[in-house]
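A quick write-up on the structure given underneath.
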Amino acid sequence: MQIIQKKEFNELLLAWYHREKRDLPWRHTSNPYYIWISEVMLQQTRVDTVIPYYERFISSFPTMECLADAEEEHVLKHWEGLGYYSRVRNLQAGVKEVVENYGSVIPQTRSEILNLKGIGPYTAGAVLSIAYGVPEHAVDGNVMRVFSRLFLIEEDIALPKTKKIFEQRVMEVIDETDPSSFNQAIMELGATICTPKPRCLLCPVREFCDAFEEGVQESLPIKTKKMKKKVVSIHSFAIQEPGGQWLLRKRPSGGLLGDFWEFPQIETANQDTIQQEMKDNTGLILDLNEEYVHFKHVFSHVTWEVTGHFAILQDASPLPEGYRFFSEEELRAIPQSKPMSKILAALGKYFF
DNA sequence: AAAACGTGGGC
DNA sequence: TGCCCAAGTTT
């Protein structure tokens with residue numbers, strides 16, 4: 001597409017967008033805080049998945065002050081099952097910054113908003129354009145797919161430096177009169193028409209598409225680097241006190257499922273030494289009973305093969321740091337990762 | 001620059 | 001089933 005055709009392109013694109021756009025909850029608000037929440041939830045996450053979380057979240061935390069003042073565990077409970085939990089911790093931290101340092105008004109320049117926790121180049125542009133009408137690029141996976149085809153860009157979109165090419169191109173084409181609709185329209189096009197398997201016959205801007213003209217739309221964008229994920233064996237132990245309480249431990253901060261509570265577990269390849277390893281690592285001496293569950297859980301970069309054992313705690317010595325007993329009621333009240341909820345579901349057949 | 005970071009849906 | 005993908009950010 002030639003830059004000279006920008007006006008015609010935007011007329012067709014925006015007319016299509018206003019005609020065909022999906023009716024989504026965050027398109028009914030102009031509250032920048034709500035736009036921010038929706039953008040964070042939508043990071044690497046499908047629209048259909050996000051909708052119920054979004055509704056519940058803004059209902060429970062209707063203002064930035066509400067979110068800033070909330071207990072982190074309460075906030076996490078609203079994110080339970082959505083994944084990438086650092087997103088919501090960063091969101092709350094960012095909101096606290098805005099409440100404390102900006103008088104509860106989200107800053108309206110790229111350099112300022114980029115300093116907020118959890119706001120990167122994409123979310124900065126999305127909030128600025130959608131909430132404030134600022135003509136800023138918001139380049140996500142959709143935009144790179146759509147633009148790689150429109151302009152026949154064959155750079156590898158897996159490389160970080162490639163994004164600059166797209167950001168620059170967006171700034172050349174963006175509609176200055178309605179940057180919000182422009183950015184959303186490109187993403188909407190990528191989500192519904194210019195999909196990995198494109199439906200070009202439905203595309204409102206097909207006539208501007210260099211890849212369509214060349215017949216190479218199916219092979220764009222170019223994306224390399226797909227790494228095989230590690231598989232690790234996890235042995236998890238369901239340990240119940242005579243009083244009925246369950247022993248859990250808090251996962252280390254910062255890493256996978258950081259700070260989430262889980263049943264005590266070890267990562268090992270060796271079935272025969274798990275008791276010894278538990279003793280070496282935690283000091284807990286266990287008698288193992290039957291295995292009550294087996295499942296595989298696939299994360300983004302690692303796969304857990306989980307075996308759940310019933311176990312008895314032999315030693316009455318003090319619990320290690322980060323370990324404590326939970327009643328069934330307390331168990332339900334804390335945020336649960338997916339692997340945790342799978343284990344609980346299996347235990348439920350015996351106990352709950 | 002590359003790896004870590006969750007989960008669910010589609011083919 | 002297994003791999004790719006989905007409105008990315010942080011380290």
Side-chain angles (χ1 to χ4, degrees), chain A residues 21-22 24-27 34-54 76 79-91 93-94 113-131 137-146 156-164 166-167 170 180 182-192 194-198 221 223-231 251-260 262 295-304 335-342:
Chain A
K21 66 182 176 187
R22 291 166 293 176
L24 304 174
W26 43 90
R27 288 181 174 161
Y34 293 173
I35 305 292
W36 183 3
I37 293 168
S38 73
E39 290 302 337
V40 173
M41 286 188 171
L42 286 164
Q43 289 167 9
Q44 302 291 284
T45 310
R46 288 186 147 70
V47 164
D48 289 345
T49 303
V50 166
I51 290 173
Y53 283 92
Y54 171 82
L76 266 175
W79 210 269
E80 179 181 275
L82 247 194
Y84 286 150
Y85 298 99
S86 66
R87 286 185 294 175
V88 71
R89 294 189 171 115
N90 287 334
L91 173 62
I113 205 172
L114 270 175
N115 284 327
L116 298 173
K117 299 277 194 313
I119 295 196
Y122 164 76
T123 306
V127 172
L128 288 173
S129 63
I130 298 172
H137 58 76
V139 175
D140 71 337
N142 286 311
V143 176
M144 289 198 282
R145 185 170 56 254
V146 172
D156 180 4
I157 66 166
L159 301 177
K161 62 174 184 179
T162 302
K163 193 160 60 164
K164 293 182 183 64
F166 290 93
E167 290 171 346
V170 167
S180 167
F182 178 89
N183 281 337
Q184 293 188 79
I186 296 292
M187 290 189 279
E188 188 82 359
L189 195 62
T192 62
C194 197
T195 47
K197 277 288 186 190
K223 185 177 186 180
T224 64
K225 107 172 169 187
K226 39 188 174 247
M227 251 157 292
K228 263 191 300 187
K229 24 182 158 271
K230 289 181 302 185
V231 178
R251 291 182 60 81
S253 299
L256 182 64
L257 302 176
D259 293 323
F260 275 64
E262 69 184 5
F295 63 88
K296 182 182 294 189
H297 186 81
V298 180
F299 294 96
S300 51
H301 63 295
V302 66
T303 298
W304 280 4
Q336 290 162 22
S337 65
K338 279 299 162 183
M340 183 65 174
S341 66
K342 288 179 189 177

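Reckoned from all heavy atoms, side chains included, excluding hydrogens, waters and symmetry mates. We name chains A, B, ... by the order of the sequence lines, and we start the count at 1 in each one.
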[X] [atom1] to [N] [atom2]: how many Å, rounded?
{"X": "A:Lys228", "N": "C:dT1", "atom1": "NZ", "atom2": "C1'", "result": "15 Å"}
{"X": "A:Trp79", "N": "B:dT7", "atom1": "CH2", "atom2": "P", "result": "13 Å"}
{"X": "A:Glu167", "N": "C:dG8", "atom1": "CD", "atom2": "C1'", "result": "12 Å"}
{"X": "A:Leu42", "N": "C:dA6", "atom1": "CG", "atom2": "P", "result": "13 Å"}
{"X": "A:Leu82", "N": "B:dG6", "atom1": "CG", "atom2": "C1'", "result": "9 Å"}
{"X": "A:Lys197", "N": "C:dC5", "atom1": "NZ", "atom2": "P", "result": "12 Å"}
{"X": "A:Ile51", "N": "C:dA6", "atom1": "CD1", "atom2": "P", "result": "17 Å"}
{"X": "A:Lys230", "N": "B:dA3", "atom1": "NZ", "atom2": "P", "result": "11 Å"}

Under 3.5 Å, N/O pairs linking protein and nucleotides 9-11 of chain C:
residue: C:dT9; atom: OP1; partner: A:Gly120; partner atom: N; Å: 2.9
residue: C:dT9; atom: OP1; partner: A:Gly120; partner atom: O; Å: 3.3
residue: C:dT9; atom: OP1; partner: A:Thr123; partner atom: N; Å: 2.9
residue: C:dT9; atom: OP1; partner: A:Thr123; partner atom: OG1; Å: 2.8
residue: C:dT9; atom: OP2; partner: A:Tyr122; partner atom: N; Å: 3.3
residue: C:dT10; atom: OP1; partner: A:Gly118; partner atom: N; Å: 2.5

Quiz item: So, do A:Ile130 and A:Trp26 sit near enough that their side-chain heavy atoms are less than 4.5 Å apart?
Solution: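 No. Closest side-chain heavy atoms not under 4.5 Å.
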
Looking only at atom [atom1], what distance separates [N] and [M], rounded to whole Å?
{"N": "B:dC5", "M": "C:dA6", "atom1": "C1'", "answer": "15 Å"}
{"N": "B:dG6", "M": "C:dT11", "atom1": "P", "answer": "13 Å"}
{"N": "C:dC4", "M": "B:dA3", "atom1": "P", "answer": "15 Å"}

Practice problem: Indicate whether the side chain of A:Gln184 and that of A:Arg27 have a donor and an acceptor atom separated by less than 3.5 Å. | Solution: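 Side chains of A:Gln184 and A:Arg27: pair found under 3.5 Å.
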
Exercise. Establish, with yes or no, whether the OP1 or OP2 oxygen of B:dA4 is under 4.0 angstrom from a side-chain nitrogen or oxygen of A:His301.
Key: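 Indeed not, no polar side-chain atom of A:His301 lies that close.
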
Quiz item: OP1 or OP2 of C:dA6 sitting under 4.0 Å from any side-chain N/O of A:Arg145?
Solution: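 Yes.
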
Pick base, sugar-phosphate or nothing for [X], based on heavy-atom distances below 4.0 Å to the nucleic acid.
{"X": "A:Gly255", "value": "sugar-phosphate"}
{"X": "A:Arg251", "value": "nothing"}
{"X": "A:Trp26", "value": "base"}
{"X": "A:Leu24", "value": "base"}

Without placing hydrogens or testing angles, list every side-chain donor-acceptor pair under 3.5 Å for residues 251-259 of chain A, not counting sequence neighbours.
residue: A:Arg251; atom: NE; partner: A:Leu256; partner atom: O; Å: 2.9
residue: A:Arg251; atom: NH1; partner: A:Glu262; partner atom: OE1; Å: 2.9
residue: A:Arg251; atom: NH1; partner: A:Glu262; partner atom: OE2; Å: 3.3
residue: A:Arg251; atom: NH2; partner: A:Leu256; partner atom: O; Å: 3.0
residue: A:Ser253; atom: OG; partner: A:Asp259; partner atom: OD1; Å: 2.6
residue: A:Ser253; atom: OG; partner: A:Asp259; partner atom: OD2; Å: 3.3

Exercise. Decide yes or no on side chain to side chain donor-acceptor pair (under 3.5 Å) for A:Lys342 and A:His297, but give the supporting numbers first.
Key: CA-CA 9 Å; A:Lys342 288 179 189 177; A:His297 186 81; 2.9 Å; yes

Atom [atom1] of [X] and atom [atom2] of [Y]: how far apart are they, to the nearest 0.5 Å?
{"X": "A:Thr123", "Y": "A:Gln43", "atom1": "OG1", "atom2": "CD", "value": "4.0 Å"}
{"X": "A:Glu188", "Y": "A:Arg22", "atom1": "CD", "atom2": "CZ", "value": "4.0 Å"}
{"X": "A:Met144", "Y": "A:Glu167", "atom1": "CE", "atom2": "CD", "value": "9.0 Å"}
{"X": "A:Asp156", "Y": "A:Lys161", "atom1": "CG", "atom2": "NZ", "value": "9.5 Å"}

Self-check item: Nearest to side-chain heavy atoms of A:Pro160, which nucleotide of B:dA1, B:dC5, B:dT7
Solution: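 Out of B:dA1, B:dC5, B:dT7, the nucleotide with an atom closest to A:Pro160's side chain is B:dA1.
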
Quiz item: Among the nucleotides C:dG2, B:dT7, B:dG6, which one has an atom lying closest to any side-chain atom of A:Lys296?
Solution: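 It is C:dG2.
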
Quiz item: How about A:Trp304 and A:Phe299: are their ring centroids closer than 6.0 Å?
Solution: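 Yes, the ring centres sit under 6.0 Å apart.
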
Quiz item: With nearest nucleotides of DNA chain B determined for A:Phe299 and A:Lys161 from heavy-atom distances, which residue corresponds to the more 5′ nucleotide?
Solution: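 The 5'-side residue here is A:Lys161.
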
Self-check item: A:Gly258 or A:Ala158, whichever maps to the more 5' nucleotide of DNA chain B
Solution: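 In this pair, the answer is A:Ala158.
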
Quiz prompt | Neighbour count >12 (heavy atoms, 6.0 Å) for atom NZ, A:Lys164 | solution =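 Count not over threshold, so no.
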
Exercise. Flag yes if more than 12 heavy atoms outside A:Lys229 fall under 6.0 Å of its NZ atom; otherwise flag no.
Key: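 Yes, NZ of A:Lys229 has more than 12 neighbouring heavy atoms, counting only those of other groups under 6.0 Å.
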
Each nucleotide N or O in nucleotides 8-10 of chain B that has a protein N or O under 3.5 Å away: list the pair and distance.
residue: B:dG8; atom: OP1; partner: A:Lys338; partner atom: NZ; Å: 2.9
residue: B:dG8; atom: N2; partner: A:Arg46; partner atom: NH1; Å: 2.3

